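I have placed the structure first, in the form of structure tokens, so that the comments after it can refer back to it.
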There are 2 protein chains.
Amino acid sequence: MLNLSDDILEPPGRSPVALDVARRAGVSTATVSRVLNGSAGVRADKREAVMRAAQDLGFVANGAARALSTRRFMAVGAVVPNIENEAFVRVLSCVQDRLRQAGYTLIAANAGYDLEDELREATFLLERGVDGLMLVGDIHHPDLYARITRSGIPMVQTFSLSREHPCVGFDNAASAARAANYLMDLGHRRIGVISGLRKDNDRGGARVTGIAQALAARGLRLAPEHDIEISYGIGGGRDGFRQMLAGGRPPTAIICGTDQIAFGAMIEARARGLSVPGDLSVIGHNDSDFAPFLDPPLTTIRIHSAEIGHAAGDHLIARIQGRPMVRLTEIDAELILRASTAPPRLDAG
Amino acid sequence: MLNLSDDILEPPGRSPVALDVARRAGVSTATVSRVLNGSAGVRADKREAVMRAAQDLGFVANGAARALSTRRFMAVGAVVPNIENEAFVRVLSCVQDRLRQAGYTLIAANAGYDLEDELREATFLLERGVDGLMLVGDIHHPDLYARITRSGIPMVQTFSLSREHPCVGFDNAASAARAANYLMDLGHRRIGVISGLRKDNDRGGARVTGIAQALAARGLRLAPEHDIEISYGIGGGRDGFRQMLAGGRPPTAIICGTDQIAFGAMIEARARGLSVPGDLSVIGHNDSDFAPFLDPPLTTIRIHSAEIGHAAGDHLIARIQGRPMVRLTEIDAELILRASTAPPRLDAG
DNA sequence: TGGCTATCTGAAAGCGCTTTCAGAAACCGT
DNA sequence: ACGGTTTCTGAAAGCGCTTTCAGATAGCCA
């Protein structure tokens with residue numbers, strides 16, 4: 001690196017502050033602030049001088065001081081159940097897109113499907129001073145709502161609909177019911193479910209409820225041995241389907257909580273000599289990247305994570321900026337038909 | 001909600017500050033600060049009073065004021081090329097683990113494999129006042145290093161080794177070479193590569209170089225028509241392999257930049273009537289969740305993302321806290337042998 | 001009980017920025 | 001050239017917390 005005088009002058013211990021810029025430009029810190037924040041009403045020559053001085057010094061405003069002064073942290077927090085889950089990552093990424101455009105930062109945290117942990121993480125973000133908060137689902141620690149209210153910042157829930165709180169999501173029960181109806185229309189009468197853990201997870205719970213109700217509406221029932229709950233993942237899907245087969249008469253179709261679970265179930269089915277969709281129809285959830293590439297390509301409920309993220313971001317920004325905003329935004333999920341579903345064999349009874 | 005007097009007393013407009021707690025507890029803000037930061041030397045009765053007052057008021061310290069005062073933001077930033085990439089997400093998640101234990105927050109940003117964007121995002125984080133910075137790879141915008149130096153915060157690079165900068169990673173060239181040697185040991189002589197975009201991506205570049213050198217060391221060469229660069233993803237893998245077949249005599253083995261690419265290539269191979277590993281051996285990178293479940297299970301280079309993340313987190317925390325830290329930490333990648341690799345057919349020549 | 005040390009505590013001074021408010025400078029028409 | 005505007009600018013007052021420093025209090029022994 002060249003030893004330009006500017007570099008040498010900078011004592012490495014202390015980074016330049018607004019006062020340094022002001023002195024160098026021969027103005028006051030007030031003017032420095034005005035220039036750097038783009039507010040009008042500064043004569044061109046002074047504006048120039050400030051810009052140059054800031055540039056020379058490599059001045060970067062201290063975010064904490066700015067936040068303290070403006071009472072805006074310029075960041076919003078998001079707590080998701082699992083930061084490694086494809087759908088949540090997509091949402092975070094899209095929320096961040098929108099925030100960035102408005103000059104805000106996203107700070108994401110992981111709750112691990114546990115209400116206490118979620119409370120802890122959200123409190124952490126609240127302490128940091130985030131200007132808004134994004135959560136997943138409609139089940140939260142009661143103290144959490146109190147703290148959010150007290151902090152006075154806007155909050156939005158995602159991935160499910162809520163009658164109490166602002167939300168961007170879809171009707172998990174209805175979309176799962178749609179999948180069940182589709183299977184029944186194909187002629188299936190023994191339909192199973194493999195879902196992720198449902199504790200403190202309204203999405204998972206609603207989906208199973210929706211399916212059960214759709215079955216009931218046509219005089220069928222979700223047999224307990226066909227209602228499996230496992231921890232997420234491909235391995236979980238294998239285990240789940242194995243468990244289901246152990247429960248007596250096998251279903252002719254299953255609806256899975258994620259595409260990973262569906263993938264696992266399909267692997268296990270094949271290992272047992274069952275063909276998909278010949279002996280077993282399979283439906284997943286999410287429309288993951290790999291879903292169209294499975295063998296057979298997976299029929300799945302596409303959750304528009306990107307749209308949810310964008311809408312949630314817009315929602316928070318609007319409320320932070322004091323603009324009016326609808327309480328509920330519905331981003332409908334969609335049943336994507338591929339080749340993992342077909343009518344049951346005639347002899348399947 | 002019950003209308004407890006405490007709730008009513010709180011004017012919703014203004015959240016309580018340290019002074020409110022101090023008054024209610026009958027002490028000064030200095031003592032409040034001492035109690036809430038766990039510093040010793042406060043008599044038990046006053047400590048109690050402060051705790052109760054803080055509790056009653058639902059007091060949450062203002063993070064900006066604290067940061068301004070302590071000159072610590074208690075957050076570190078991370079800029080990764082693609083926040084939706086499994087390996088990077090894993091690293092972020094593990095870095096966060098470590099940071100959290102030390103009381104720090106992670107703020108992640110997306111650079112999209114573009115040096116300018118990376119500079120922009122990193123600057124954004126620097127402005128925020130992060131206490132440390134994690135980057136991916138050893139190729140960055142020259143201005144970025146200058147800004148980091150000027151800010152005086154510790155930085156660590158990940159996923160590759162660097163002779164200049166602090167880093168936690170592995171030798172991409174060597175591990176890819178190991179895969180190539182393994183294939184050559186099996187008897188392969190026409191080996192191809194499908195990698196992600198290599199522009200501004202030292203990892204991708206190093207891997208291809210490593211493979212080319214390993215081939216050269218045994219008197220073979222990486223034919224240009226067997227050296228394919230595509231954008232990441234399963235679809236990319238399909239396209240890439242199709243492209244490779246169009247280039248004349250097909251390879252008997254390929255090494256792919258990610259498991260997704262490998263998956264795509266396997267799909268395309270099968271569509272062309274080639275069996276894996278009979279006609280084509282395939283090696284991936286990352287050991288993704290689904291790799292063991294592909295058909296056949298995928299041989300892949302396992303990158304220990306979790307360990308990299310933990311080490312990077314520890315590295316930053318140590319330096320932030322002024323503890324000494326080694327400049328370079330090597331977390332070796334590992335070749336995981338599964339069923340997608342086998343000796344070439346005898347007639348493959 | 002007095003005097004000395006060991007503990008506690010509060011007043012006050014920042015941290016670095018934004019923003020108000022009043023004064024200075026520039027501009028205008030006559 | 002002068003009063004009246006209009007436009008700019010800087011001094012100074014916070015924002016809410018931490019931390020120093022000196023004074024107050026408690027504890028102890030003789």
Side-chain angles (χ1 to χ4, degrees), chain A residues 13-51 53-54 57-75 103 126-131 150-152, chain B residues 13-51 53-54 57-75 103 126-131 150-152:
Chain A
R14 183 177 143 287
S15 47
V17 298
L19 186 57
D20 300 325
V21 177
R23 276 207 255 271
R24 189 176 177 118
V27 300
S28 73
T29 60
T31 298
V32 170
S33 171
R34 279 190 275 258
V35 170
L36 266 30
N37 292 300
S39 80
V42 176
R43 234 173 35 216
D45 56 338
K46 301 226 170 196
R47 152 164 273 121
E48 282 278 294
V50 170
M51 303 265 251
L57 259 29
F59 171 72
V60 175
N62 178 312
R66 171 174 287 168
L68 181 58
S69 189
T70 60
R71 318 170 120 266
R72 288 249 161 145
F73 185 49
M74 298 306 282
L126 256 20
E127 282 179 2
R128 279 279 190 279
V130 293
D131 301 309
R150 186 141 44 196
S151 76
Chain B
R14 184 177 142 286
S15 47
V17 299
L19 186 58
D20 299 326
V21 177
R23 275 208 254 272
R24 189 175 177 120
V27 300
S28 72
T29 60
T31 297
V32 170
S33 171
R34 279 191 274 258
V35 171
L36 266 31
N37 292 301
S39 80
V42 175
R43 236 174 32 219
D45 57 337
K46 301 226 169 195
R47 153 165 271 120
E48 283 277 295
V50 170
M51 302 265 250
L57 259 30
F59 171 73
V60 176
N62 179 312
R66 171 175 288 169
L68 180 58
S69 189
T70 58
R71 317 170 119 264
R72 289 248 160 145
F73 184 50
M74 299 307 281
L126 255 21
E127 282 178 3
R128 278 280 190 278
V130 293
D131 302 309
R150 185 141 45 197
S151 75

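Remember, it's a predicted structure, so these values are computed and weren't measured experimentally. No hydrogens, no waters, no symmetry mates; every other heavy atom, side chains included, goes into these values. Letters A, B, ... mirror the listed sequences (proteins, then strands); counts begin at 1.
Taking CG of B/Leu19 as the reference point, atom CZ of B/Arg24 lies at 13.5 Å (rounded to 0.5 Å). Atom CZ of A/Phe59 sits about 9.5 Å away from atom CD of B/Glu127, to the nearest 0.5 Å.
Scanning all heavy atoms of the two residues, the minimum distance from B/Ala22 to B/Thr29 falls at CB-N, 3.7 Å. Contact detail for A/Ala64 and B/Leu68: the closest heavy-atom pair is CB-N, 3.7 Å.
Axis angle across the helix from C/dT1-D/dA30 to C/dT30-D/dA1, with five pairs used at each end and values rounded to 10°: 30°.
Taking 4.0 Å as the cutoff to heavy atoms of chain A, we find the contact window on DNA chain D bounded by D/dC8 to D/dG16.
Atom pair B/Lys46:NZ and C/dT7:P shows a separation of 18 Å (rounding to whole Å applied).
Applying the salt bridge (charged side-chain N to carboxylate O under 4.0 Å, His left out) criterion to A/Arg43, with sequence neighbours excluded, gives A/Asp45.
In this structure, the side chain of A/Arg128 engages the main chain of B/Met74 through a donor-acceptor pair within 3.5 Å. Between the side chain of A/Thr70 and the backbone N or O of A/Arg66, at least one donor-acceptor pair lies under 3.5 Å.
Along DNA chain D, the nucleotide closest to B/Phe59 and the one closest to B/Arg43 are compared, and the more 5′ of them pairs with B/Phe59. Two residues, A/Val17 and B/Gly26, neighbour DNA chain C, and the one matched to the more 5' nucleotide by heavy-atom proximity is B/Gly26.
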